[in-house]
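The structure appears below as structure tokens.
Labels below follow one simple rule: chain letters A, B, ... track the order of the sequence lines, proteins then strands, and each chain is numbered from 1. Source: prediction; values computed, not measured.
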There are 2 protein chains.
Amino acid sequence: MMTVRQDVHSADIPVLCQSCEARHRGVCGALDPDQLVALSKTSSRHKIEPGIELIGDAEAIDSYSNVLSGVVKLTKGLSDGRQQIVGLQFAPDFLGRPFKVESAINAEAATAVSLCTFPKATIDRMMKESPELEHRLLKQTLNELDDAREWMVTLGRKTASEKVASFLLMIARNIDPTADPTAKSATFDLPLTRADIADFLGLTIETVSRQMTRLRTDGVIRIENNRHVTVDSLGRLERRSGA
Amino acid sequence: MMTVRQDVHSADIPVLCQSCEARHRGVCGALDPDQLVALSKTSSRHKIEPGIELIGDAEAIDSYSNVLSGVVKLTKGLSDGRQQIVGLQFAPDFLGRPFKVESAINAEAATAVSLCTFPKATIDRMMKESPELEHRLLKQTLNELDDAREWMVTLGRKTASEKVASFLLMIARNIDPTADPTAKSATFDLPLTRADIADFLGLTIETVSRQMTRLRTDGVIRIENNRHVTVDSLGRLERRSGA
DNA sequence: CGGGTGGTTGACTAAACTCAAATGATGTGG
DNA sequence: CCACATCATTTGAGTTTAGTCAACCACCCG
């Protein structure tokens, strides 16, 4: 006679987690079924409208989240209102700053976003118990640092037209994680408005718009409804991105 | 009768490590005496001349280092020669990129530098065994990410004069870790040439020079021998840095 | 003393910004 | 379904900031 279940109290992972991308490529992959069950007791999923602020600058942080879908923008502001987007988070990124009481950045939903949110205390405790969780976090943080430094080159040394090309290329590569990275073409919806793109690239809205129309009239991209973009030759776009 | 030593084979830490800053504020603080002894068997100290390349872009990484003194600049280049400094490392920062076979950045001694260098394999093994080591590394990486993002605001949204002021302020705060962070004035040697500063700020040498002379003629800073800078009022400098 | 390196200064240019207006998309109430 | 309001985006004209090119200065070292 066969047993359906090996172990009644640890073999099952929570229903919510079963098909969750964060369990495969995200930090939850570090947790065993028992830990997932414990965590899922205090976690909750949310749908967030675009434009909603998730974390405010200088606000106390009392929760972390996984991004399950959509795009979150991380911004920093100057006192006179100038803004800079310092990072974008896609699924299944972990959102939050461990080891700090208050945030130094703003996080805002750029598109509709769904999150899986946990109490900070629970994750902080699990980090102490599970080196594998810290390990995953270290890996993601190192990747974010690589990305941030890559972007510093774009901000500091590229021309407006190279910046816009770099941005489109970055989005094309991140927006659809299932897409073939060696694909020659891509089509996607921009997760950001022109104002956001300007804040990401350190440019004005007008300059972004002009460079976009230039790419369009040069036949590098096609644009529908302002947001939907098709790139027929990613190689051609890349050649315009500096790199 | 009393014993001088509790445990003959673990109580002693290597002579080299005894007064080493990396053991207090750096990653070596995560290691117990046994691990320090093991590590010190394969580690070595070096004095490096300014301008010497420590890690090349796209080169295989086979060692890590602690910065014991001096300043290391991390740079990324574009194919046509444009360069951007994406980070500066001061004592007792850990230098190296875990979990990657080859480096995506260059590291070069900006000043005379002394390093304590370890084989990559040894540290990689210790990271697996010692969660505390990964923990320290995670903390440093998160701090570097905060710094990088702070700098993205400077690169993307500040004017040339704010950039130079921000740079001087950052150096004043980092160059002498023993200095009182609430001090009102500071004096230091710039660890970078004008060309380096330009590559850090996304400006040209000429613009950096002009902004420096402007700060000098406005009485915000005093300069001797091109490199030695005195700031009488850090508050006054900060007001010119955007923030 | 001559040449090299690093830094400053000046005159001119070009890239991106500002201000302003037109166009296009979206949504609402009549 | 249309007229209208609103918001995002584009386009144009003129201005500003930082870049370019070139000359010059100071210092160091052989």
*Salt bridge present between B:E238 and B:R173 (N-O < 4.0 angstrom)*: yes
- Please work out if A:T213 contacts a base, only the sugar-phosphate, or nothing of the nucleic acid, heavy-atom cut-off 4.0 Å. sugar-phosphate
When rounded to whole Å, the CD1 to P distance for the pair B:I197 and C:dG7 reads 8 Å
Verify the neighbour count for atom CG of B:N225: are there more than 12 heavy atoms of other residues, nucleotides or ligands below 6.0 Å?
no
Within residues 200-207 of chain A, the residues having a heavy atom closer than 4.0 Å to DNA chain C are A:G202, A:L203, A:T204, A:E206, A:T207
B:D199 atom CG is separated from C:dG6 atom P, nearest whole Å, by 13 Å
Contacts of A:R157 and A:I223 projected onto DNA chain D by closest heavy atom; the upstream (5') one is A:I223
Q: Could you tell me how the ring of B:F200 sits relative to the ring of B:W151: parallel (under 30°), tilted (30 to 60°) or perpendicular (over 60°)?
A: parallel
When rounded to whole Å, the CG to P distance for the pair B:L192 and C:dG6 reads 13 Å
From CG of B:D196 across to P of C:dT5 the rounded distance in Å is 16 Å
B:I221 CD1 to C:dG7 P, in whole Å, measures 13 Å
Of A:S161 and B:V208, the one whose nearest nucleotide on DNA chain C sits closer to the 5' end is B:V208
Looking only at heavy atoms, the pair that brings B:L203 and A:R157 closest together is O-NH2, 2.9 Å
Whole-Å distance, B:N226 CG to C:dT8 C1', equals 9 Å
Q | Cationic tip of A:K120 above A:Y64 ring, under 6.0 Å, 45° of axis | A | no
For B:V86 and B:K76 the tightest heavy-atom approach is CG1-CD, 4.0 Å
Contacted region of DNA chain D by chain A, from 5' end to 3' end of the hits, cut-off under 4.0 Å to heavy atoms, spans D:dT9 to D:dA13
Here the distance between atom C1' of C:dA25 and atom NE2 of A:H228, to the nearest Å, is 17 Å
From the candidates C:dT8, C:dG7, C:dG10, the one with an atom nearest any side-chain atom of B:R210 is C:dG10
Is the number of heavy atoms from other residues, nucleotides or ligands within 6.0 Å of CZ (B:R82) greater than 12?
-> yes
SB check A:E144 A:K139 (cutoff 4.0 Å) = no
Notebook entry, point to check: Just by distance, do the side chain of B:Q140 and the backbone of B:F94 share a donor-acceptor pair under 3.5 Å?
Noted result: yes
Whole-Å distance, A:R194 CZ to C:dA25 C1', equals 12 Å
